[in-house]
Amino acid sequence: MLLDLVCPECGRHLPADQLQSVCPACDSPLFARYDLLAAAKSVAPDAIRRRPVGLWRWAELLPVRDERFRLTLGEGDTPMLPMPRLAAALGLRALYIKEEGTNPTGSFKARGMAVALSRAAELGVRQVVVPTAGNAGGALAAYAARAGMKAHVVLPGDAHPAYRLEAERAGATIHIVDGLIDRAGKEAARLAAELGAFNLATLREPYRLEGKKTMGFELAEAFDWDLPEVIVYPTGGGTGLVGMPKAFDELEGMGWIGSRRPRMIAIQAAGCAPVVRAVETGAERIEAWEGASTRAEGLRVPRPYADRAVLRAVRGSGGTAVAVDEAELLATARQVAALEGCLLCLEGGAAVAGLRRVVDNGLVRPTDRVVVFNTATGLKGLT
Ligand SMILES: *Cc1c(COP(=O)(O)O)cnc(C)c1O
Ligand SMILES: [Zn+2]
């Protein structure tokens, strides 16, 4: 029930049945638009609940038209784990971790790539490329193999070896660049042009966002269509931060939830905190962070491409953005593993450390229901 693509900045509409990257008028990311009334008529919450597990349960709100193109390795429907000891330690009543580490390839990047590659296959793409700090490359490679496509993965030279190995194992060609994700982004754009490959860089095409938004659907369903008060999200490019509010708006458009929204709290590492800086200074745009450095690779994004959408997600929800030190995110990941048995990735550690900050300064109240995203398994980065 995909209608078309729309630019959230200039309002331009584009046809969805041909390949699109960003808005041709203003370079903003494009958002998929659905016929929500038709979707609401054709499916009810109970029917979705009874479907086979995985993110394709939400097919009416996903862009793939012909189900033969749906790729799956078992992504989505990740556990929502109550964290009673951690809650008590933080002085919270209801705290959950959405454990995205159980996704194929060990991170929530699988959600975005499952949907984006399915849609790309449906639109005739045979070759794909992605610049990545790590997890997106493994996910791209896996789903490309599943689709019978050729994949190219562009990685910074200092990425953890696990990321290169997993993409290589799934048959991708690896390209190493000297520099960070922004440098990898330039190389991916060059390769896309040279090889005629489709570029799946974060928010440079509309459908990874659609896969990531399914976290919002799962959250709404898990809370019986009564959204929690707070979502704590470790933010790099901000796909999930933008995707979840989009999912909530779609559910409201279908009449499944009301207008109340969770406060979106973006957590970044102190060594790369462009979103936090923009929120603190009240800026309209996000400036690139010089000398970005953190071991939490998913957060090492000097300038989120969807900057205005990211800022709207935070400000529009009454949320905020918080940076945590490197030592703190490492220590917190360890503490949570020891306290709850939940092996957080460093980004997840950052999220819990950031939550501690907003509890301490009163932005999150003891009675708020809080969901923290652990965006990947802690295993890939273990040292
Ligand atoms: C990519 C990534 C992030 C950041 O995700 P965005 O939605 O793009 O902000 C966070 N954590 C991990 C483990 C990642 O791989
Ligand atoms: Zn535009």
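Indexing begins at 1, ligand by ligand and atom by atom, following the structure's order. Start at 1 with the first residue, then count along the sequence.
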Ion pair check, Arg169 and Glu166, cut-off under 4.0 Å: no

contact_flag Phe373 ligand 1 heavy-atom lt 4.0 Å: no

Atom 2 (C) of ligand 1: the protein heavy-atom neighbour that sits closest, reported with distance to 0.1 Å: Lys109 NZ, 2.4 Å

Carboxylate-amine/guanidinium proximity below 4.0 Å for Arg51 and Glu221: no

Side chain, backbone, both or neither: the part of Lys212 lying under 4.0 Å from ligand 1 by heavy atom: side chain

N/O separation below 3.5 Å, Gly236 to ligand 1: yes

Taking atom 8 (O) of ligand 1 as the reference point, the nearest protein heavy atom with its distance: Thr239 OG1, 3.0 Å

The Zn ion (ligand 2): angle it makes with SG (Cys7) and SG (Cys10), nearest 10 degrees: 110°

Numbering as shown, the atoms of ligand 1 that approach Ala376 to under 4.0 Å (heavy-atom distance): 13 (C)

Sub-4.0 Å heavy-atom contact, Pro234 with ligand 1: yes

Opening angle between SG in Cys23 and SG in Cys26, taken at the Zn ion (ligand 2), to 10 degrees: 110°

Any Glu100 heavy atom less than 4.0 Å from ligand 1: no

Protein heavy-atom partner closest to atom 7 (O) of ligand 1 - residue, atom, separation in Å: Tyr233 OH, 2.5 Å

Closest protein heavy atom to atom 12 (C) of ligand 1, given as residue, atom name and distance to 0.1 Å: Thr375 OG1, 3.3 Å

